[in-house]
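All chains are named by letter (A, B, ...) in the order of the sequence lines, taking the proteins before the strands, and each is independently numbered beginning at 1.
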There are 2 protein chains.
Amino acid sequence: MATVRMSDVARAAGVSTMTVSNVVNGRPGVSEEVRRRVLRQLAETGYRMNVSARNLRSGHSGVIGLAVPGHDVPYFAALATHVAQEAERRGYRVAVEQTGAKEAGEVAAIRFSQAMDYDGLILSTVGMDLEKLDVGQAFPIVLLGERENPTAADHVSMANHAGSRAAVEHLAAQGAGRIAFIGGPETAEQTIHSLRLGGWREGLQDAGLACSPELIFEAPEVTMEAGRRAGRRVAERILADRAAGRDPIEAAFAITDSVALGAVRGLADGGLRVPEDLLLVGFDDIPEAAMAVPSLSSVAPDMSWTARRAVELLLERLGGQDGPTAGSPPAGREETIPWILQVRESSSPVRSKQERQLTDPTGAAS
Amino acid sequence: MATVRMSDVARAAGVSTMTVSNVVNGRPGVSEEVRRRVLRQLAETGYRMNVSARNLRSGHSGVIGLAVPGHDVPYFAALATHVAQEAERRGYRVAVEQTGAKEAGEVAAIRFSQAMDYDGLILSTVGMDLEKLDVGQAFPIVLLGERENPTAADHVSMANHAGSRAAVEHLAAQGAGRIAFIGGPETAEQTIHSLRLGGWREGLQDAGLACSPELIFEAPEVTMEAGRRAGRRVAERILADRAAGRDPIEAAFAITDSVALGAVRGLADGGLRVPEDLLLVGFDDIPEAAMAVPSLSSVAPDMSWTARRAVELLLERLGGQDGPTAGSPPAGREETIPWILQVRESSSPVRSKQERQLTDPTGAAS
DNA sequence: TTGTACGCGTTATCAT
DNA sequence: ATGATAACGCGTACAA
């Protein structure tokens, strides 16, 4: 029951620990006969490598952290899956942390990652003031999600502006005159809120549509629940405008799919339906978007690409581990995630049932 | 830039490493003056504990594994959040692994957890043959989800039978005559599939309803996509029965909420609606259930309770770490998760809009 | 090809 | 109250 050490195996096999180490790690320079002998003892004794000892010796833990707002946020759950795959393929493990979408949580995640001896951190920042990063002790970090913040850390950034604008232009092209925004306020700069709100504004301008503060419905948190509350207010407004003979809101762009799906629920609470009463587009293209009724149009960032690049950028920084920092990459590299606009039922003209059955209304292509 | 060791801090503060260690870990027996001196050097040098060294010395890693079918399965994402909280409160970290809901993945998770030197593992088993666990090298494991498998490991088990039966009885009480099951086949015993299918059978019997194989619609994977395909087949059947003047299926119990939500989409593909054309109840009560349109009735296990007990059981086993296994708990403890049936729109008689607005249709009670 | 020291950073034990 | 020393289990360098 007591732990089996490498030296135990070595003694049992009649060799030195170094030979056992060589066999375990598949290094060359061991005769076939000895190798078999060692392998047998390895199995018989039930030897398990002591990872702590190895890490202590090698100086790195083989773990990279991934800090996301929450395990239970669909977009990040999906992202975590992809990142874990990419990292595993390269011999690293991923430990997922939660930040709670709060700046304090993000700072804590950095400190925690350092404390836990992670080799690096991929930080999905929602609202962080990035200047605070430079305080970090040259700890390898890749930022995910935001943009336009010059920093020492690398960025893999979402096309928040362009994506949002495309969503709004699409809605305008559907004939919508008044297009609302459902999401956070513009208070904090360079957050998901201000960036996507900015894209909404630009989209309205490009389409020659009015952009008034009345069109903004606040969902301060990026959750379904917040979206629902906002959706209720949208419903109230539409009903009031209709009753008063004013032009009602005809479409809305929601800051994320979760908010959008919550808004659909909120509209239903008010007796209104998507897309009959309101065209709707979200952002992220989470799996639930294609499955919802109605299926949800969404700005769809390439998640595989995102995960791959994030891992690659981080590992490049990890290169000069112990040795001199030979040929480390330049600081503050910035890359933008490819994306497309995925159009589905929620922003499409209403068709008859027959028509709907002829094509796949969820856009689940390839 | 080079790592700051405890001995560096000790030298700078003019004390021994042992004193620094005592300060860092908040142990008593350090004079106030020395403590302040050390604390200052700690800050100035930017010292960070080397976790590998501490683990090597203490003999345990402070990490417990949590193996779930997938990061992106809503139920397990929520569970991971809760487990992480519980563990953190007790000074442990959680590393989440994916099993892919496959037996091979579950076995691999065990081996991996051992290899990574985790102190223990919480394994959410969906389809594992538990006898294989006894092969494990007395590695602390708590099983989550299934039941009725006598094993050396502790179980925190879902009330699969009772919950499923309650769901079916509820549907019968709504007046449904033919109640379908959407989920996996009965092939593997003691899996989520066979257990919930068994509960469905018993529920039908209790209600005096017929139980024929035609009423089973297979969703082999526990995903929205599989649910959608099954939902389409349900729709086809209902339409065919109506056209032929036969009694159509009036209600369905889906093996999980994800499958249920997929089924709603599949029914919509066929032009049918919930609950107008089919009453529906799911299992798990994931957050999305309350937010869906229509909101989804569901068997709701107490997730906080689940997470807390799982962590508690595991940590109790970890008690006798280095010392003799003094007073370790008995083997194979079995506990059942408390649950309730959460009734929402998807299994309720259709009401007018006015009625719906008077009450909260999603049952989002505290 | 194989074996021998030694060090990685921390903590327990025993002394002072 | 504080310090010296010996492990913890593995990998590297170098010697054989």
In whole angstrom, give the distance that lies between atom CE of B:Met18 and atom P of D:dA6.
16 Å
Which nucleotide, D:dC10, C:dA12, C:dT4, lies nearest any side-chain atom of B:Arg27?
C:dA12
Working note: A:Ser21 + A:Arg27, criterion side chain to side chain donor-acceptor pair (under 3.5 Å); need CA distance, chi angles, decisive distance, verdict.
CA-CA 8 Å; A:Ser21 174; A:Arg27 280 186 279 258; 2.8 Å; yes
For A:Thr19 and for B:Asn25, find the nucleotide of DNA chain C with the closest heavy atom, then tell me which residue's nucleotide is more 5'.
A:Thr19
CG of B:Asn55 versus C1' of D:dC8: gap in Å, rounded?
11 Å
Return yes when atom CD of A:Glu88 has more than 12 non-hydrogen atoms of other residues, nucleotides or ligands closer than 6.0 Å, and no otherwise.
no
Rounding to a whole Å, what distance do you find between B:His60:NE2 and D:dG9:C1'?
17 Å
More than 12 heavy atoms of other groups within 6.0 Å of B:Arg40 CZ
no
Options C:dG3, C:dT10, D:dG9, nucleotide nearest the side-chain atoms of A:Arg5
D:dG9
To the nearest Å, give me how far apart CD (A:Glu32) and C1' (C:dT1) are.
13 Å
Atom-pair distance (CZ on A:Arg35; P on C:dT1), nearest Å
11 Å
Presence of A:Thr17 side-chain N/O under 4.0 Å of D:dC10 phosphate oxygens OP1/OP2:
no
As a quick check of understanding, evaluate side chain to side chain contact (heavy atoms under 4.5 Å, CB included) for B:Val96 and A:His71, giving each step before the final call.
CA-CA 10 Å; B:Val96 184; A:His71 275 304; 4.1 Å; yes
Taking A:Asp119 for the side chain and A:Ile64 for the main chain, is one N or O donor matched with an acceptor at less than 3.5 Å?
no
Value in whole Å for how far the P atom of C:dG9 lies from OH of B:Tyr47:
10 Å
From the list D:dT2, D:dA4, C:dT10, which nucleotide is the closest neighbour of the side chain of B:Val34?
D:dT2
Under 3.5 Å, is there an N or O donor on one side and an acceptor on the other linking the side chain of B:Arg57 and the base of C:dA12?
no
Nearest-angstrom distance from the residue atom CZ of B:Arg11 to C1' of D:dT2:
18 Å
Less than 4.0 angstrom between a side-chain N/O of B:Ser31 and OP1 or OP2 of D:dA1, yes or no?
no
Please determine, for the side chain of A:Leu56, which listed nucleotide (C:dC8, C:dT2, C:dT10) has the closest atom?
C:dC8
Could you tell me how far apart A:Met6 (CE) and D:dA7 (P) are, to the nearest whole angstrom?
21 Å
Measuring from the side chain of B:Val30 (C-beta onward, heavy atoms only), which nucleotide among C:dA12, D:dT2, D:dT12 has the closest atom?
D:dT2
